[in-house]
Amino acid sequence: MKVQDLDKCAPTSDWNVLYWILGTVLMPVALPLAIIEMLHRMRAKKFRNQLPGKVVLITGASSGLGESLAHVFYRAGCKVILAARRLTELERVKNDLLALDVEPAYPPTVMPLDLAELNSIPDFVNRVLGVYNQVDILINNGGISVRADVASTAVDVDVKVMVVNYFGSVALTKALLPSMVARQNGHICFISSVQGKFAIPQRAAYSASKHAMQAFADSLRAEVANKNVNVSCISPGYVRTQLSLNALTGSGNNYGKMDETTAKGMSPDKLAERVLQCILRKEPDIIVSDLQAKIAYYLRHFCPSLYFWIMAKRATKLEKADKKAT
């Protein structure tokens with residue numbers, strides 16, 4: 001290359017202007033974000049070292065995300081208490097955990113729990129506190145879903161979903177909260193859904209229960225902020241679990257189908273790792289989803305008319321599909 005050709009390799013004035021614009025506009029935003037992310041990572045590393053020996057109560061731990069959460073926190077050296085209705089499945093999860101090569105390792109505790117039986121929850125909490133005398137992290141993960149439009153959904157189904165998804169978690173949280181406040185230490189995590197941020201057709205009962213959970217978490221977070229009790233609300237998109245298989249129809253029967261969107265959803269193991277990260281970072285509210293769900297979330301808040309139009313079109317499409325199927 002000749003000396004006179006070097007000028008051809010130098011940035012043109014246009015590129016200099018572009019670099020100046022990027023540096024002037026983006027750097028004031030990018031730099032603080034980078035610093036915040038670094039601080040989050042430092043905090044997470046600090047608290048991860050404190051995880052071994054922490055008592056973690058996980059509801060809905062017999063399958064899906066709950067099972068993945070059990071693995072994540074057990075491998076982190078926590079004392080996990082697994083709660084769900086299906087005792088046989090809980091024992092299976094427990095045996096799977098015991099087969100792992102983990103150090104330190106604390107034998108998991110299995111405790112049957114039906115979130116629909118609200119009156120039994122205070123006694124359940126007494127038994128939980130009798131195991132280790134405390135719960136450091138409560139993960140409200142148990143719940144059910146519905147696949148039906150509003151007109152064909154029996155009120156009893158709406159009530160059942162609200163009781164399990166909302167009132168069950170509320171009752172459990174209320175029963176455990178005094179012990180956390182007394183110790184001035186604890187973390188309560190609600191596994192909500194992006195459908196708790198915005199509603200879609202044929203999910204009214206489910207979305208309503210998650211909307212309620214979101215509101216409860218926001219209020220509780222403010223009330224316990226000065227008591228060293230943290231509250232996180234995590235809203236995932238579609239997760240590859242048996243949620244749709246175990247969902248209810250409008251009449252209360254078992255839906256028994258794997259939705260295409262659910263089958264293509266994120267791995268529950270990946271989401272469980274993100275939940276752990278959220279707790280370590282003490283993040284108050286996060287959405288864990290694909291770009292489509294995030295776009296829908298922002299449309300609902302910043303361009304509601306377009307969001308309502310899209311949802312109306314989606315409802316019509318689903319109605320036609322249901323008629324064709326029958």
Side-chain angles (χ1 to χ4, degrees), residues 36 39-40 43-44 46-48 50-51 54-61 65-66 68-70 72-73 76 78-81 83 113 115 118 121-122 124-125 128-129 132 134-143 162-198 207-237 239 271-289 297:
I36 291 172
L39 292 175
H40 276 315
R43 172 186 282 185
K46 173 185 174 182
F47 284 101
R48 191 176 189 98
Q50 298 175 3
L51 267 182
K54 293 288 186 183
V55 181
V56 183
L57 171 59
I58 305 169
T59 66
L65 176 59
S68 294
L69 287 167
V72 165
F73 282 92
C78 296
K79 301 172 181 176
V80 295
I81 300 176
L113 168 67
L115 289 169
L118 300 181
I121 289 179
F124 168 81
V125 168
V128 166
L129 293 175
Y132 294 112
Q134 66 188 59
V135 169
D136 298 296
I137 301 170
L138 165 63
I139 303 180
N140 287 299
N141 169 69
M162 188 63 75
V163 168
V164 173
N165 290 3
Y166 175 67
F167 286 111
S169 294
V170 167
L172 183 57
T173 298
K174 283 175 174 279
L176 267 174
L177 186 60
S179 65
M180 290 185 173
V181 171
R183 295 174 51 242
Q184 292 282 295
N185 186 39
H187 199 128
I188 300 168
C189 180
F190 296 92
I191 304 298
S192 182
S193 167
V194 291
Q195 293 172 32
K197 298 286 191 180
F198 60 87
S207 290
S209 68
K210 295 300 185 180
H211 274 300
M213 176 180 282
Q214 177 76 58
F216 181 81
D218 289 350
S219 293
L220 177 62
R221 184 183 303 110
E223 293 173 8
V224 299
N226 64 344
K227 298 175 175 62
N228 201 35
V229 176
N230 296 286
V231 176
S232 296
C233 188
I234 299 172
S235 301
V239 186
L271 178 56
E273 291 286 353
R274 185 64 183 91
V275 172
L276 174 62
Q277 185 183 63
C278 173
I279 292 174
L280 290 173
R281 293 182 172 193
K282 299 184 179 180
E283 295 174 287
D285 190 282
I286 63 170
I287 294 177
V288 187
S289 69
Y297 169 71

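The figures here come from the full heavy-atom set of this structure, side chains too, leaving out hydrogens, waters and symmetry mates. Starting from 1, each residue takes its place in the sequence as its number.
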If you take all heavy atoms of [X] and [Y], which pair is closest and at what distance?
{"X": "Val72", "Y": "Ala272", "result": "CG2-CB, 3.6 Å"}
{"X": "Ala217", "Y": "Val231", "result": "O-CG1, 3.7 Å"}
{"X": "Ser209", "Y": "Tyr166", "result": "O-CB, 4.1 Å"}

Heavy-atom side-chain contact between [X] and [Y] under 4.5 Å:
{"X": "Val275", "Y": "Cys189", "value": "yes"}
{"X": "Leu115", "Y": "Asn165", "value": "no"}
{"X": "Ile234", "Y": "Phe190", "value": "no"}
{"X": "Lys54", "Y": "Lys79", "value": "no"}
{"X": "Arg274", "Y": "Glu283", "value": "yes"}
{"X": "Ile137", "Y": "Leu51", "value": "yes"}
{"X": "Asn185", "Y": "Val229", "value": "no"}

**Report entry** Partners meeting side chain to side chain contact (heavy atoms under 4.5 Å, CB included) with Asp218 (sequence neighbours left out)
**Finding:** Gln214, Arg221, Asp285
Donor-acceptor contacts, no H, no angles, side chain residues 169-180, under 3.5 Å, sequence neighbours left out:
residue : atom : partner : partner atom : Å
Thr173  : OG1  : Asn140  : ND2          : 3.1
Thr173  : OG1  : Ser169  : O            : 2.8
Ser179  : OG   : Leu176  : O            : 2.7

Query raised in the report: Could you go step by step and tell me if Ile279 and Phe73 meet the side-chain contact (heavy atoms from CB on, under 4.5 Å) rule?
Result: CA-CA 11 Å; Ile279 292 174; Phe73 282 92; 3.8 Å; yes
To the nearest 0.5 angstrom, please state how far the [atom1] atom of [X] sits from the [atom2] atom of [Y].
{"X": "Phe198", "Y": "His211", "atom1": "CZ", "atom2": "NE2", "answer": "9.0 Å"}
{"X": "Leu69", "Y": "Glu273", "atom1": "CG", "atom2": "CD", "answer": "9.5 Å"}
{"X": "Ile287", "Y": "Cys233", "atom1": "CD1", "atom2": "SG", "answer": "9.5 Å"}
{"X": "Met213", "Y": "Ser235", "atom1": "CE", "atom2": "OG", "answer": "9.5 Å"}

Side-chain donor or acceptor of [X] paired with backbone N/O of [Y] under 3.5 Å:
{"X": "Lys210", "Y": "Ile191", "answer": "yes"}
{"X": "Asn141", "Y": "Ile58", "answer": "no"}
{"X": "Thr59", "Y": "Gly142", "answer": "yes"}

Requested in this report: Provide the full list of side-chain hydrogen bond (donor to acceptor under 3.5 Å, both in side chains) pairs with a residue in residues 187-196, sequence neighbours left out, each pair given once.
Outcome: His187-Ser232
Query raised in the report: Charged N to carboxylate O under 4.0 angstrom, Arg183 versus Asp136?
Result: yes
Report task. Check each of Leu57, Val125, Ile188 against Val135 using the side-chain contact (heavy atoms from CB on, under 4.5 Å) test, and report the only one that passes. Result -> Leu57
